[in-house]
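Everything on this sheet refers to the single structure shown next.
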Amino acid sequence: MLIRCGYDIRFETQARTAMVALLSVHPSRHQDLRTPQRLLASPDIPLYQFEDAFGNVATRLTLPLGEVSLSCDFVIEDEGEPDEEAPDGPQSAVEDLPDHVIPFLLGSRYCETDRLMTVAWSNFGQPMSARERVQAIVDFVHNHIEFGYHYARSDKTAWNGYQERQGVCRDFAHLAITLCRCKNIPARYCTGYLGDIGVPPVDAPMDFSAWFEVYINGGWYVYDARHNQRRIGRILMARGRDATDVALTTAFGPAILQHFEVRTEETSTMG
């Protein structure tokens, strides 16, 4: 399956403003690219990439005074299979987990494990496998939060989402991640492209999507508390502890978003 992805984003600035962007496909998917993936800026300005602490491709740039557009368009190949299901079996003890997953058990900016520990243990404390526990958490979050773009708020945490019961995809992910961590299941935040492939199209503008991954039986597996179903055509861009680590753009000064468009659709050609 071929999927065409891309975006057009425009900012307005009142002064030169440094920025870091996480708008590139994750290195784990680079071998699947079938056309070049290049971030383009208009007007033409210097861009350079580096690998951040979580293995994501980040881009540094300085926005000049006025309007600046960032865009990208590429084709990537996908197996066309639903998200892989996690294996069933006993949950690993914390002392048996590898060192590199331990940070994904800890609280973070948007995932306050201390505030949701009682909620997690009272709702998901009964004996069950790791896969059953994660699915129970996903079911709970999916039914607990009402989705709506007008509920988006940049400072909303997992605790806020739990209390307000409203949010966007990142709020679903933050709450599910936090509850998993409270139950000693490593969980990390993911962002990327997710088109309406294999599901009825949604009558709403396309957007980047947020989901999460859990560490079960030696591997990481995708879960999506907003949709609560295994989806086709998920294209990863970045992973981190929460949305703080994978913000699409971080401006070190005033930069007003003027236009935002995301494209993700199945295609039959690379032209």
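When the shell of 6.0 Å around CZ of Phe50 is examined, it contains more than 12 heavy atoms from other residues, nucleotides or ligands. The number of heavy-atom neighbours closer than 6.0 Å to CG of Asp114, taken from other residues, nucleotides and ligands shown, is above 12. Heavy-atom neighbours of Glu79 CD from other residues, nucleotides or ligands within 6.0 Å: at or below the threshold of 12. Atom CZ of Arg109 sits in a crowded spot, with more than 12 heavy atoms from other residues, nucleotides or ligands closer than 6.0 Å.
For Thr267 (side chain) and Arg4 (main-chain N/O), no donor-acceptor pair under 3.5 Å exists by modelled atom type. Put simply, the side chain of Gln14 never gets that close to the backbone of Gly66: no donor and acceptor are under 3.5 Å apart. The main-chain N or O of Ala136 is never found under 3.5 Å from a side-chain atom of Asp139 such that the two would form a donor-acceptor pair. Panel note: side chain Arg181, backbone Ala187; a donor-acceptor pair is recorded below 3.5 Å. Side-chain atoms of Asp196 never come within 3.5 Å of backbone atoms of Val199 as a donor-acceptor pair (strictly under, hydrogens ignored). Judged by distance alone, the side chain of Arg241 and the main-chain N or O of Leu106 form no donor-acceptor pair under 3.5 Å. Proximity of a side-chain donor or acceptor of Thr13 to a complementary backbone N or O of Arg16 within less than 3.5 Å is not detected. Here the side chain of Thr178 pairs no donor or acceptor atom with the backbone of Ala176 at under 3.5 angstrom.
If you take CG on Leu194 and CD1 on Ile235, they are separated by 9.0 Å, rounding to the nearest 0.5 Å. To the nearest 0.5 Å, the span separating CG on Leu116 from OG on Ser122 amounts to 10.0 Å. Interatomic distance, CG of Leu63 versus CE of Met19, reported as 4.5 Å (0.5 Å rounding). Distance OG/Ser209 to CZ/Arg170: 13.0 Å, rounded to 0.5 Å. With rounding to the nearest 0.5 angstrom, the OG atom of Ser28 is 12.5 Å from the CE atom of Met237. Taking SG of Cys169 as the start and CZ of Arg226 as the end, the distance is 6.0 Å to the nearest 0.5 Å.
In terms of heavy atoms, Gly148 sits closest to Val168 at O-CG1, 3.3 Å. The two residues Ala210 and Asp224 come nearest to each other via the heavy atoms O-OD1, 4.4 Å. Leu61 approaches Ala21 most closely through the heavy-atom pair CD2-CB, 4.3 Å. Considering every non-hydrogen atom in both His30 and Val25, the closest pair reads NE2-O, 3.1 Å. Contact between Gly161 and Lys156 at its shortest, heavy atoms only, is N-CG, 4.0 Å. Residue Asp242 comes nearest to His174 through the heavy atom pair CB-NE2, 3.5 Å, listed as atom of the first residue, atom of the second, then distance.
Residues that satisfy the side chain to side chain donor-acceptor pair (under 3.5 Å) test with Trp159, not counting sequence neighbours, are Gln163. Considering only residues two or more places apart in sequence or on other chains, Gln258 meets the side chain to side chain donor-acceptor pair (under 3.5 Å) condition with Glu12.
One hydrophobic cluster holds both Phe260 and Leu39 under the rule that ILVMFWY side chains link at heavy-atom gaps under 4.5 Å. Cluster membership for Ile3 and Tyr7, using ILVMFWY side-chain heavy atoms within less than 4.5 angstrom, is shared. Under a hydrophobic-cluster definition in which Ile, Leu, Val, Met, Phe, Trp and Tyr are linked whenever side-chain heavy atoms come within less than 4.5 Å, directly or via other members, Val20 and Val68 are assigned to different clusters. Residue Val222 is not grouped with residue Ile197 when hydrophobic side chains (ILVMFWY) are merged at heavy-atom distances under 4.5 angstrom, including chains of intermediate members. Each of Tyr110 and Leu22 belongs to its own hydrophobic cluster when Ile, Leu, Val, Met, Phe, Trp and Tyr are linked at side-chain heavy-atom distances under 4.5 angstrom.
For the side-chain hydrogen bond (donor to acceptor under 3.5 Å, both in side chains) criterion with Asp83, the lone passing option out of Arg231, Arg234, Arg230 is Arg234.
Asp171 has no carboxylate O lying under 4.0 Å from a charged side-chain N of Arg153, or vice versa, which leaves the two without a salt bridge. Under a 4.0 Å N-O distance rule, the pair Arg29/Asp78 qualifies as a salt bridge. A salt bridge between Arg34 and Glu77 is present, with a side-chain N of the basic residue lying under 4.0 Å from a carboxylate O of the acidic one. Salt-bridge annotation for Arg131 and Glu85: present, with a side-chain N of the basic residue lying under 4.0 Å from a carboxylate O of the acidic one.
Aromatic ring pairs are classed by plane angle as parallel below 30°, tilted from 30° to 60° and perpendicular above 60°; the pair Phe147 and Phe172 is tilted.
A side-chain donor from one of Tyr151 and Glu146 sits under 3.5 Å from a side-chain acceptor of the other. Residues Gln135 and Asn228 have side chains that bring a donor and an acceptor to within less than 3.5 angstrom of each other.
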Before you tell me yes or no, could you show the steps for Gln37 and Ile76 under side chain to side chain contact (heavy atoms under 4.5 Å, CB included), namely the whole-Å CA-CA distance, both residues' side-chain angles and the distance that decides it to 0.1 Å? CA-CA 9 Å; Gln37 179 213 198; Ile76 190 167; over 6 Å; no
Begin with the C-alpha distance, continue with both residues' side-chain angles, and end with the deciding distance and a verdict on salt bridge (charged side-chain N to carboxylate O under 4.0 Å, His left out) for Arg188 and Glu213. CA-CA 5 Å; Arg188 61 190 183 186; Glu213 295 175 345; 2.7 Å; yes
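Leu97 belongs to a hydrophobic cluster with Phe54, Val94, Val101, Ile102, Phe104, Leu105, Tyr215, Trp220, counting contacts under 4.5 Å between side-chain heavy atoms of Ile, Leu, Val, Met, Phe, Trp and Tyr, direct or through other members.
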